[in-house]
Amino acid sequence: MLSLLLGMCVQAADVTVPDAGRNAYSHPMPGLSVETRRAHATGNSFFNENWIMAPGSASSRDGLGPYFNARSCSACHPLDGRGSPDSVALLVRMSMLSEGGSQPHPRYGDQIQTLALPGLKPEARIELTWQQVGDLRRPQLHIDDWREGEPDRALALSPRVGNAVFGLGLLEAVAVEEIERRADPEDRDGDGISGRVNRVWDKTSKSLMLGRFGWKANQPTLRQQAADAFLGDIGITSPVNPDEDGPPEIPHGGSPELSELLLQRVTTYLQTLAPPARREVDHPQVKQGERLFQALRCAACHVPELQTAADAHLAELRSKTFHPYTDLLLHDLGEGLADHRPDHEAEGREWRTAPLWGLGLQETVNGHTTLLHDGRARNAHEAILWHGGEATASQEAYQKLSEMEREALLRFLKSL
Ligand code: HEC
Ligand code: HEC
């Protein structure tokens, strides 16, 4: 009886942390075991670590490059939050388009690394400018100074900013069936909103898995997301990615440069960062905004409530109810936002429904309010105006709201 009661307490326990300050995104989830808490702390230090060139004085922290975009995870996910598009946090994915889909470029791979160790030339130089589109803006990439010459024409480029990284363990722990249940690829219910899952290659299990992370749900697990970030963004090999490009004479920081243990620690860190608690939940204007969020069918994609599986990998994450405002599915958001670069099964116009939790604290934590995959929206209002495709009806309904209704909806978003 006691254990049953305790079990219920654990289940009902809130996964959020009530801090509306600069560290709002950086708290471990409540109720972690001592062991998990310790793993979280070690992972935290490696997430913030500035990697150095090998050989370094601390062998577990060297191996930077030879090609890279930044020296630490936190450079692009500052304070576990979202990077600004006008910083290193914006990286450019790239692929060659062909009849059979898209492939990494034979010389430059699938991401442009803009930094390199001394004596080496970075892959290219990227300059980003903003093009005005009415009252909105969209990014324009200017890429030159290619290391080995300009690549062929049929190149698809996709600029993306580093997302906030809290709450992801909960998203990872949602059962596959729970996510698939909401997919409606043929739009059978005829509501104009379909939603598809992405299926991506998992290097550890060597099988296709449901994609959950990244702007196109292009990563299956936090372990692989972290390992691929270590390699692609910082130039650090790991058991998942033992090999890297570069001249053979460049010293390595071990093989692999990141041990299995440390990869696990960083993974645990990502799995156990708590989402921040909401504010002003009962304020009448916020309540009105919440009703409008439902009425405008924002919630058809930005699903308010999800539950983790009872058999989730980490005991602390089992059977949790939480409020991410995403369905983790891909939706066609129209031509305006399209990058025309297929990413596994995601098409050029498709993006994963961005979780909206923590949105209202972004300015406090990260000092900017830019949104969407490439940071083009300067605030939530602009982000909504960019919605097209399956979200056209919602976007048009938003435009028809009275000024007071709009304020209520935006205040609701600020309360998340
Ligand atoms: C150069 C900038 C940069 C660096 C450095 C970087 N990231 Fe990222 N991160 C990104 C971008 C951009 C995305 C979105 C990628 C995509 O959609 O393809 C991302 C996505 C993620 C996500 C998925 C977030 C979500 O909501 O789905 C996680 C987790 C993550 N990164 C962890 C890490 C870790 C761990 C490191 C360090 C090993 C790291 N990142 C280093 C830019 C960066
Ligand atoms: C058809 C599904 C769908 C509907 C309906 C929808 N959204 Fe979205 N929303 C998305 C997707 C997908 C993205 C990510 C797009 C991108 O980054 O290019 C997004 C992004 C956002 C963002 C930016 C989030 C971020 O992290 O950058 C906000 C804010 C937002 N939506 C609010 C709304 C509101 C408010 C409504 C209702 C008026 C709405 N959305 C309706 C799918 C939808």
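Given the structure is predicted, the values throughout are model-derived calculations rather than measurements.
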inquiry  = Taking CG in Asp187 as the centre, count heavy atoms belonging to other residues, nucleotides or ligands within less than 6.0 Å. Is the count above 12?
reply    =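 Yes - once you tally the heavy atoms of other residues, nucleotides and ligands closer than 6.0 Å, there are more than 12.
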
key: CZ (Arg38) with more than 12 external heavy atoms under 6.0 Å   =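 Atom CZ in Arg38 is not crowded, with 12 or fewer foreign heavy atoms closer than 6.0 Å.
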
So, for [X] and [Y], which heavy atoms are closest and what is the spacing to 0.1 Å?
X: Pro106; Y: Met96; answer: CD-CG, 4.3 Å
X: Leu79; Y: Ser26; answer: O-OG, 3.4 Å
X: Val15; Y: Ala274; answer: O-CB, 3.5 Å
X: Gln285; Y: Ala408; answer: O-CB, 3.5 Å
X: Arg160; Y: Ser158; answer: NE-OG, 3.0 Å
X: Ala377; Y: Ala383; answer: CB-N, 3.5 Å

For the atom pair [atom1] ([X]) and [atom2] ([Y]), what is the distance rounded to the nearest 0.5 Å?
X: Asp80; Y: Leu168; atom1: CG; atom2: CG; value: 10.0 Å
X: His40; Y: Leu32; atom1: NE2; atom2: CG; value: 7.5 Å
X: Leu141; Y: Leu90; atom1: CG; atom2: CG; value: 7.0 Å
X: Arg352; Y: Thr326; atom1: CZ; atom2: OG1; value: 6.0 Å
X: Leu170; Y: Glu316; atom1: CG; atom2: CD; value: 11.5 Å
X: Leu314; Y: Glu172; atom1: CG; atom2: CD; value: 8.5 Å

Student check: side-chain heavy atoms of [X] and [Y] closer than 4.5 Å:
X: Pro342; Y: Ser102; answer: yes
X: Leu155; Y: Leu97; answer: no
X: Ser238; Y: Glu257; answer: no
X: Gln294; Y: Pro304; answer: yes
X: Leu262; Y: Gln264; answer: no
X: Ile126; Y: Ile112; answer: yes
X: Leu410; Y: Glu407; answer: no
X: Val161; Y: Asp374; answer: no

query = Which residue pairs pass the salt bridge (charged side-chain N to carboxylate O under 4.0 Å, His left out) test when at least one of the two sits in residues 52-62, sequence neighbours left out?
reply =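 Qualifying pairs, neighbours excluded: Glu49-Arg61.
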
task = Quickly, which of Tyr269, Phe47, Phe213, Tyr25 forms a side chain to side chain contact (heavy atoms under 4.5 Å, CB included) with Val165? Name it, please.
result =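 The residue from Tyr269, Phe47, Phe213, Tyr25 that satisfies side chain to side chain contact (heavy atoms under 4.5 Å, CB included) with Val165 turns out to be Phe47.
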
request  = For the pair Trp215 and His373, name the ring-plane relationship: parallel under 30°, tilted 30 to 60°, perpendicular over 60°.
outcome  =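 The arrangement is perpendicular - the two ring planes meet at more than 60°.
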
task = Fit a plane to each ring of His302 and Phe293, take the angle between them on a 0 to 90° scale, and name the class: parallel (under 30°), tilted (30 to 60°) or perpendicular (over 60°).
result =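 Ring orientation of His302 relative to Phe293: tilted.
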
ask   = Going through the distances and angles, do His313 and Gln271 end up as a side-chain hydrogen bond (donor to acceptor under 3.5 Å, both in side chains)?
value = CA-CA 10 Å; His313 166 67; Gln271 285 169 334; 5.1 Å; no

Taking NZ, NE, NH1 and NH2 as the nitrogens, is one of them in [X] or [Y] under 4.0 Å from a carboxylate oxygen of the other?
X: Arg125; Y: Asp144; value: yes
X: Lys216; Y: Asp339; value: yes
X: Asp332; Y: Arg196; value: no
X: Arg182; Y: Glu178; value: yes
X: Arg181; Y: Glu177; value: no
X: Lys203; Y: Asp228; value: yes
X: Glu280; Y: Arg411; value: yes
X: Glu382; Y: Arg138; value: no
X: Arg349; Y: Glu390; value: no

Cation-pi, [Y] ring and [X] (6.0 angstrom, 45 degrees):
X: Arg406; Y: Tyr398; value: yes
X: Arg147; Y: Tyr67; value: yes
X: Arg376; Y: Trp386; value: yes
X: Arg71; Y: Trp51; value: no

ask   = So Arg223 and Glu260, salt bridge (charged side-chain N to carboxylate O under 4.0 Å, His left out) or not? Walk me through it.
value = CA-CA 10 Å; Arg223 174 184 167 83; Glu260 174 62 31; 2.9 Å; yes

key: Those residues that, when tested against Pro118, pass side chain to side chain contact (heavy atoms under 4.5 Å, CB included) (two or more places apart)   =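 If we apply the side chain to side chain contact (heavy atoms under 4.5 Å, CB included) test to Pro118, skipping adjacent residues, the hits are Met53.
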
request  = Quick one: do Arg93 and Asp343 satisfy salt bridge (charged side-chain N to carboxylate O under 4.0 Å, His left out)? Show the steps, please.
outcome  = CA-CA 10 Å; Arg93 299 221 179 285; Asp343 202 333; 5.1 Å; no

